[in-house]
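Take a look at the structure set out below.
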Amino acid sequence: SDSTRRLILDELSDRNELTLYELTVRLMMKHDLSISRQAIAKHLNILEEAGLVQSKRKGKYRVLIFHNEPLKDLLKGWVE
């Protein structure tokens, strides 16, 4: 329900993968958010615990991937 987390999911759904740095830049430039990478990382931890975001290491970068299956299951329950 947090507006920043919704923006994070929007940005991740637009792209297949984003690094934490790329996500931070997109949020700052596109949405005019004044937020640190550390604050975004906290939001990402919550989204990972909810099963909506997966992260993996690619070299020295943390790559973020939107996982929409939990949302599909939720919507299916509302529609049926």
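This is a predicted model, so every value here is computed, not measured.
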query: Is there a side-chain contact between Met28 and Ser34, using heavy atoms and a 4.5 Å cut-off?
result: no
message: Taking Tyr21 as the starting point, is it possible to reach Met29 by hopping between hydrophobic residues whose side chains are less than 4.5 Å apart?
response: yes
message: Please determine whether a side-chain nitrogen of the Lys or Arg among Asp14 and Lys30 lies less than 4.0 Å from a carboxylate oxygen of the Asp or Glu.
response: yes
- request: Verify the cluster assignment for Leu20 and Ile8: are they in a single hydrophobic cluster under the rule of side-chain heavy atoms below 4.5 Å apart?
  value: yes
field: Intermediate values then yes/no, side chain to side chain contact (heavy atoms under 4.5 Å, CB included), Leu33 and Thr24
entry: CA-CA 9 Å; Leu33 282 182; Thr24 303; over 6 Å; no
message: Rounded at 0.5 Å granularity, tell me how far OG1 in Thr4 sits from CD1 in Ile40.
response: 8.5 Å
- request: Compare all side-chain heavy atoms of His31 with those of Arg26 and state whether any distance is below 4.5 angstrom.
  value: no
field: Shortest non-hydrogen contact from Phe66 toward Leu52
entry: CD1-O, 3.4 Å
field: Pair Leu18-Val63, side chain to side chain contact (heavy atoms under 4.5 Å, CB included): steps then yes or no
entry: CA-CA 6 Å; Leu18 286 173; Val63 178; over 6 Å; no
query: Should His43 and Ile35 be marked as a side chain to side chain contact (heavy atoms under 4.5 Å, CB included) after you check the CA-CA gap, both sets of side-chain angles, and the distance that decides it?
result: CA-CA 11 Å; His43 285 293; Ile35 190 167; 4.2 Å; yes
message: If you define the side chain from C-beta out and look only at heavy atoms, does anything of Thr19 sit under 4.5 Å from Arg62?
response: no
task: Starting at OH of Tyr61, measure out to CD of Glu22 and round the result to the nearest 0.5 Å.
output: 9.0 Å
query: For the atom pair CG (Leu47) and CG (Leu64), what is the distance rounded to the nearest 0.5 Å?
result: 10.0 Å
- prompt: Yes or no on side chain to side chain contact (heavy atoms under 4.5 Å, CB included) for Val53 and His67, after CA distance, side-chain angles and deciding distance?
  reply: CA-CA 5 Å; Val53 172; His67 183 65; over 6 Å; no
